[in-house]
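Below is one structure; the comments refer to it alone.
Computed from a predicted structure; not experimentally measured. Lettering of chains follows the sequences in order, A, B, ..., and the numbering in each one begins at 1.
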Number of protein chains: 2
Amino acid sequence: MTSIIKNFPGRHHDHAACIESALEQAVTLCRERGARLTPLRRRVLEIVWESHAPLGAYDALQRMNAGGERNAPPTVYRALEFLLEHGLIHRIESRNAFVGCTTPGNSHKAQFFICRDCGNVAETHSEEIGEAIKASATRTGFLVEKPVVEISGRCLKCHDDE
Amino acid sequence: MTSIIKNFPGRHHDHAACIESALEQAVTLCRERGARLTPLRRRVLEIVWESHAPLGAYDALQRMNAGGERNAPPTVYRALEFLLEHGLIHRIESRNAFVGCTTPGNSHKAQFFICRDCGNVAETHSEEIGEAIKASATRTGFLVEKPVVEISGRCLKCHDDE
DNA sequence: TTTAGCTTTGCTATAGTATAATATATCTAT
DNA sequence: ATAGATATATTATACTATAGCAAAGCTAAA
Ligand SMILES: [Zn+2]
Ligand SMILES: [Zn+2]
Ligand SMILES: [Zn+2]
Ligand SMILES: [Zn+2]
C-alpha cells in the first residue's frame with residue numbers, strides 16, 4: 001500500500017504557519033543545546049524562511065539591511081554558519097544558497113527537489129536513496145561522509161500550468 | 001553474482017593513458033557532431049584531465065597562462081562551457097570545479113564520489129540511485145530534469161593510509 | 001560587583017567565482 | 001572574394017565567500 005504523497009510546498013499553503021513553526025522549533029532546539037539564538041541569528045533564520053526557495057547570502061543581506069542597517073557580508077555568513085551547524089537550515093550547493101530545514105534537530109541526510117519555475121524546494125529523507133548511494137559507494141571503494149543530492153526539475157503545480 | 005568493483009582511480013594507474021583516451025574520444029566525438037574542438041578547447045580539456053580531481057576554472061586559467069599567455073576568465077569559461085555542452089567534462093557543483101567525463105558521448109546521469117584526502121573523483125552511473133531518485137520524486141510530486149549527486153567522503157586508499 | 005575569559009558582532013579589506021558587453025579574428029560556404 | 005556564422009580577445013563588473021582584527025556583550029568565578 002504505497003500512497004501518492006505530494007509534499008511539494010503548495011502555492012496557497014499557510015506559510016505564516018511554516019515560519020512560526022520553524023522559529024518555535026529553533027528556539028526550543030537552541031535552548032535544549034544551550035546555543036544562543038541571538039536576535040541577529042533569529043532574524044536571518046526568519047529571512048531564509050520567507051519562502052521555500054533557496055536564498056543567497058547576499059539576498060539575505062539585502063533583506064537585513066532593507067531598513068537602512070549596515071550589516072556587512074561576514075555578519076550574514078556567520079549567522080548562516082550558526083544556523084547550518086545547528087541544522088536549522090541547509091545549504092543548496094548547486095545554487096550557492098540556503099533554505100530552511102523542515103525537520104531541524106534530528107541530524108539527517110536530506111535530498112532536495114528544486115523547481116526551476118517557482119524556485120521552491122521540497123526536502124525529503126529517502127532511506128532508499130541513501131541505501132542506493134551506500135551500495136554504489138561500496139562497489140566503488142568509497143566511504144560516504146557527506147552526500148549531496150539536489151534534483152532540479154519542475155514541481156507538478158508548475159508543470160500543470162504550462 | 002555481484003563482484004566487488006573498486007573503480008576509484010588508483011594511485012599508480014597509467015594516467016597518461018587516461019589523458020590520451022579522453023582526448024581521442026573527444027576528437028572522435030566532435031568530428032561526429034561537427035563540433036569544433038579548437039586548440040584552445042582541446043588544451044582546456046587536457047588541463048582538466050591532468051588529474052582525477054576537480055579543477056577550478058581559475059586554476060585551469062593559471063595552467064593555460066603558465067607559459068606567459070594572457071588569457072582572461074571568459075576564455076576559459078567559454079571553453080569549459082563548450083566541453084560541458086558536449087559532455088566531455090562534468091561540473092562538480094559542490095566544489096565549483098570541473099572534472100573530465102569518463103564516458104563521454106552517451107548522455108548520462110552520473111554520480112560523483114569525491115575523496116576529501118586525495119581529491120580524486122570516481123564517476124558512476126548507478127541505475128539504482130536513478131530509480132530511487134525517480135521514486136522519491138514521484139512521491140514528492142516532482143519531475144526530475146537534472147539530478148546532482150555528489151558524495152564527499154574518502155576513497156579506500158586514503159582510508160587505509162591513515 | 002568587579003574582573004577575566006569567552007562569544008558575538010562590527011568593520012575593512014581581499015580572495016575567489018562567474019558573466020556582460022563589445023570588438024576583433026577566424027572559419028565556412030557560397 | 002564575400003557574407004554570415006562562429007570563436008576568441010579584452011575590459012569591466014557582478015556575485016560569492018573569508019581573513020583579520022577591534023569593539024561590544026555575555027557568563028561565571030572571585
Ligand atoms: Zn510554507
Ligand atoms: Zn532538513
Ligand atoms: Zn587517470
Ligand atoms: Zn560522465
Side-chain angles (χ1 to χ4, degrees), chain A residues 26-27 30-31 33-48 53-86 88-99 114 119 148 150, chain B residues 26-27 30-48 53-65 67-86 88-99 114 119 148 150:
Chain A
V27 168
C30 286
R31 183 155 35 214
R33 300 187 179 183
R36 290 161 61 185
L37 186 64
T38 63
L40 191 104
R41 289 163 173 172
R42 189 192 145 96
R43 176 77 186 113
V44 172
L45 180 60
E46 211 169 38
I47 287 170
V48 169
L55 187 75
Y58 280 76
D59 293 327
L61 187 57
Q62 257 190 271
R63 294 284 299 107
M64 286 174 78
N65 290 344
E69 296 89 339
R70 296 287 198 162
N71 294 292
T75 299
V76 68
Y77 276 101
R78 279 187 297 235
L80 291 168
E81 188 183 21
F82 172 89
L83 298 171
L84 282 172
E85 272 167 6
H86 292 282
L88 297 167
I89 62 174
H90 291 289
R91 179 180 163 86
I92 306 297
E93 299 291 342
S94 55
R95 305 285 177 112
N96 297 326
F98 304 84
V99 72
I114 310 157
V148 170
E150 299 173 1
Chain B
V27 168
C30 287
R31 183 155 34 214
E32 281 170 12
R33 300 188 179 182
R36 290 160 60 184
L37 186 64
T38 62
L40 191 103
R41 290 163 173 173
R42 188 193 145 97
R43 176 76 186 111
V44 172
L45 181 59
E46 208 169 43
I47 287 170
V48 169
L55 189 74
Y58 279 76
D59 292 327
L61 187 57
Q62 259 191 268
R63 294 283 299 108
M64 287 174 78
N65 289 343
E69 296 89 341
R70 295 287 199 165
N71 295 291
T75 299
V76 68
Y77 275 100
R78 277 188 300 239
L80 291 168
E81 188 183 22
F82 171 90
L83 298 171
L84 282 172
E85 272 167 6
H86 293 282
L88 297 167
I89 61 174
H90 291 288
R91 180 181 162 86
I92 305 298
E93 299 292 343
S94 56
R95 304 286 177 111
N96 298 325
F98 304 84
V99 71
I114 309 156
V148 169
E150 299 173 0

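- Remark: A:Glu46 engages A:Arg43 in a salt bridge, criterion side-chain N to carboxylate O under 4.0 Å.
- Side-chain atoms of B:Leu40 and B:Asn71, non-hydrogen and from C-beta on, do get closer than 4.5 Å to each other.
- If you take CD of B:Glu85 and C1' of D:dA7, they are 13 Å apart, rounded to a whole angstrom.
- Between A:Ile92 atom CD1 and D:dT16 atom P the separation is 15 Å, expressed in whole Å.
- Atom pair B:Leu40:CG and D:dA9:P shows a separation of 6 Å (rounding to whole Å applied).
- Backbone-only contact: B:Arg91 has heavy atoms under 4.0 Å from sugar-phosphate atoms and none from a base.
- Here the P atom of nucleotide D:dT16 and the CD atom of B:Glu93 are 14 Å apart, to the nearest Å.
- The listed nucleotides are C:dA18, C:dG10, C:dT7; the one nearest the side chain of A:Arg36 is C:dT7.
- The only option from A:Ile47, A:Leu83, A:Val27, A:Leu88 that meets the side-chain contact (heavy atoms from CB on, under 4.5 Å) definition with A:Arg42 turns out to be A:Val27.
- Counting atom types as modelled, A:Tyr58 pairs a side-chain N or O with a base atom of D:dA17 as donor and acceptor under 3.5 Å.
- Distances from the side chain of B:Arg41 to the nucleotides D:dA7, C:dT8, D:dT16 place D:dA7 closest.
- Atom CZ of B:Arg43 and atom P of D:dT8 are 15 Å apart (whole Å).
- Phosphate proximity of C:dT9 to A:Asn71: absent, as no side-chain N or O sits under 4.0 Å from OP1 or OP2.
- Mapped onto DNA chain D by nearest heavy atom, A:Ala57 and B:Ala72 fall at different nucleotides, with B:Ala72 at the one closer to the 5' end.
- Within the model, atoms CG of B:Leu45 and CZ of B:Phe82 stand 9.5 Å from one another, a figure rounded to the nearest 0.5 Å.
- Picking from C:dT8, D:dA17, C:dT19 the nucleotide with the shortest atom distance to the side chain of A:Thr38 gives C:dT8.
- Between B:Glu150 and A:Glu150 there is no side-chain heavy-atom pair separated by less than 4.5 Å.
- Contact check for A:Met64 versus A:Thr75: side-chain heavy atoms found under the 4.5 Å cut-off.
- Not a single donor-acceptor pair under 3.5 Å links the side chain of A:Arg91 to the backbone N or O of A:Leu84.
- Using a 4.0 Å cut-off on heavy atoms, the residues of residues 74-84 of chain A that approach DNA chain D are A:Pro74, A:Tyr77, A:Arg78, listed by number.
- Rounded to an integer number of Å, the gap from CD of B:Gln62 to C1' of C:dT17 is 14 Å.
- B:Asn96 places its CG atom 11 Å from the C1' atom of D:dC15, with the value rounded to the nearest Å.
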